[in-house]
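So the structure is just underneath, and the comments pick up after that.
This one's a predicted model, so the numbers in the text were calculated from it and none came from an experiment.
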Amino acid sequence: MKRATKLTCNQVRFYSETFTAEQLDANLAAAVQRHLSECTDCRVQHHRTRRVVALLQLKRHEQPPPGYFENFLTEFHQRLAASQPTGWRAAWARFTEPTALSPAWKWAASGAC
């Protein structure tokens, strides 16, 4: 009698997309299914992978309108520049950004003001 295969989380994540596409052999598919029934983290990850694969399958036939890529970078940079704050707003945004300054620097700068 063949011994049941015990898979690790890394192995299940590796096989997750293939398992979603139903391209695994029966023994490996059973081992993946067994692991998914026991491991909540892998089950959530597998569910997310299935959703992404389903979305990609829906979008694979869509094409952008003609001329979409001709001015893509120019329009992207214009929109990016328009969304960035300038002047005092830019300085305030940098000061209030959570990762910009340590709390000690914020206290020192507010005390100096």
**OP:** Go through the steps to decide whether Thr49 and Gln45 satisfy the test side chain to side chain contact (heavy atoms under 4.5 Å, CB included), and finish with yes or no.
**Re:** CA-CA 6 Å; Thr49 300; Gln45 182 65 35; 3.9 Å; yes
Original post:
What is the minimum heavy-atom distance between Leu7 and His35, and which atoms define it?
Top reply: O-ND1, 3.3 Å
Original post:
Hey, any chance Tyr68 and Phe76 share a hydrophobic cluster, counting ILVMFWY side chains that come within less than 4.5 Å of each other, even indirectly?
Top reply: no
Subject >> Smallest separation among heavy atoms of Val12 and Cys42, with atom names >> reply: CG1-CB, 4.3 Å
Original post:
Looking only at atom types and distance, does a side-chain atom of Gln11 sit under 3.5 Å from a main-chain N or O of Thr8, one as donor and one as acceptor?
Top reply: yes
Original post:
Where do Arg43 and Thr40 land on the side chain to side chain contact (heavy atoms under 4.5 Å, CB included) test, with the steps shown first?
Top reply: CA-CA 5 Å; Arg43 189 170 46 251; Thr40 304; 3.2 Å; yes
**OP:** Verify the neighbour count for atom CD of Glu70: are there more than 12 heavy atoms of other residues, nucleotides or ligands below 6.0 Å?
**Re:** no
Subject >> Sub-4.5 Å side-chain heavy-atom contact between Val53 and Gln57 >> reply: yes
Original post:
Hey, any chance Phe14 and Leu28 share a hydrophobic cluster, counting ILVMFWY side chains that come within less than 4.5 Å of each other, even indirectly?
Top reply: yes
Original post:
Say you draw a straight line from SG of Cys39 to NE2 of His46; how long is it, rounded to the nearest 0.5 Å?
Top reply: 12.5 Å
Subject >> From Leu73 atom CG to His77 atom NE2, the distance as rounded to the nearest 0.5 Å >> reply: 5.0 Å
Original post:
When you measure from the side chain of Asn71 to the backbone N and O of Thr74, does any donor-acceptor pair fall under 3.5 Å?
Top reply: no
Original post:
NE2/His47 to CG/Leu36 distance, rounded to the nearest 0.5 angstrom?
Top reply: 12.5 Å
